[in-house]
Amino acid sequence: MSTSLDNSVLAARNLCVGYGEIPVLHDVSVGVAPGEVVALLGRNGAGKSTLLLALGGILRPSAGVVALGGKECTTAAHRRARDGLAYVIEERGVFTGLSVLQNLRLGQGTVDDALAIFPELEPHLTRSAGLLSGGQQQMLAVARALAAKPKVLLVDELSLGLAPLVVERIFRAIDEARSTGVGVMLVEQHSRTALQVADRAYVLDQGRIVLDGAASDMLPRIDEIEQAYLGVGGQ
Ligand SMILES: Nc1ncnc2c1ncn2[C@@H]1O[C@H](COP(=O)(O)OP(=O)(O)O)[C@@H](O)[C@H]1O
Ligand SMILES: [Mg+2]
């Protein structure tokens with residue numbers, strides 16, 4: 001499970017992270033290369049969001065290294081954002097009291113770039129973001145993140161509560177970003193969907209990486225993987 005810090009746009013090596021005295025992640029090493037989509041799978045409470053929070057600079061590791069663009073990185077979240085790390089958090093990070101346009105202006109990219117990614121948002125620019133559907137809010141969050149032209153995008157539970165067609169649409173935008181060289185790390189409950197989109201995947205269980213490999217190798221074993229690690233099928 002070697003993870004080169006040099007080839008990865010974002011990597012963690014031997015990361016230990018917890019909340020106060022409570023350890024959650026143990027010796028976790030992961031990496032995302034430019035133009036690669038990596039899925040992070042695991043049952044509820046496995047530590048997926050905690051790992052993204054540590055990669056994003058929101059949680060400080062107690063041991064181990066995070067590297068952005070091949071360089072060890074200990075900076076705060078806002079600085080990592082300026083250095084090319086975009087992060088769509090589980091709660092989407094949309095300001096519901098502001099309009100769609102105001103939300104887009106809060107991003108680091110231009111409104112035009114955001115609308116080029118999701119033209120669907122254009123008719124809603126003056127609406128309050130709180131009045132959008134869940135899918136439109138997620139498009140807004142992803143549009144704002146990708147308009148910043150990040151080197152790497154972290155997305156937590158993108159598909160939660162969304163209709164399959166909307167999820168497909170958003171994954172298409174992520175796939176386009178990948179083709180321009182953006183590295184993507186996705187946390188996903190829907191492991192099949194994730195493995196269909198991803199190049200590679202890691203499975204996290206109780207704060208440890210228990211499996212990693214090419215998505216194309218994991219997809220045919222999905223039933224076995226779900227039973228063993230993802231709490232699907234009789235658990
Ligand atoms: N703010 C917090 N304070 C204390 N423990 C937390 C906090 N957030 C998450 N945890 C714990 O950390 C573990 C991993 O949580 P999380 O990373 O959210 O898992 P996942 O995203 O895989 O569902 C869980 O046991 C959870 O209860
Ligand atoms: Mg989570």
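Nothing fancy with the numbering, it's 1 onward along the sequence. Counting starts at 1 for both ligands and their atoms, following the listed order.
To the nearest 0.5 Å, the span separating CD1 on I89 from CD on E157 amounts to 12.5 Å. In this structure, the separation between CD1 on I225 and CG on L41 is 8.0 Å, given to the nearest 0.5 Å.
Enumerated by chain and number, the residues approaching ligand 1 to less than 4.0 Å through a heavy atom are Y19, V24, R43, N44, G45, A46, G47, K48, S49, T50.
With a 4.5 Å cut-off on side-chain heavy atoms, E188 and L40 do not count as touching.
With salt bridges taken as basic N to acidic carboxylate O contacts below 4.0 Å, one links R169 and E120. Electrostatic pairing of D199 and R178 counts as a salt bridge here, judged by a charged N lying under 4.0 Å from a carboxylate O. At a threshold of 4.0 Å, the pair D156-K48 does not count as salt-bridged, since none of the basic side-chain nitrogens sits closer than that to a carboxylate oxygen. Using a 4.0 Å cut-off between charged side-chain N and carboxylate O, D27 and R13 make no salt bridge.
Summarising the hydrophobic clusters (Ile, Leu, Val, Met, Phe, Trp, Tyr; side-chain heavy atoms under 4.5 Å, direct or chained), the residues clustered with L98 are F95, L106.
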Which atom pairs, one a donor and one an acceptor, fall under 3.5 Å between side chains of residues 30-37 and the rest of the protein, sequence neighbours left out?
unit_1, atom_1, unit_2, atom_2, d
E36, OE1, A33, N, 2.9
E36, OE1, R200, NH2, 3.1
E36, OE2, R200, NE, 2.6

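Legend: protein N/O/S atoms lying under 2.8 Å from the Mg ion (ligand 2), waters omitted, number 1.
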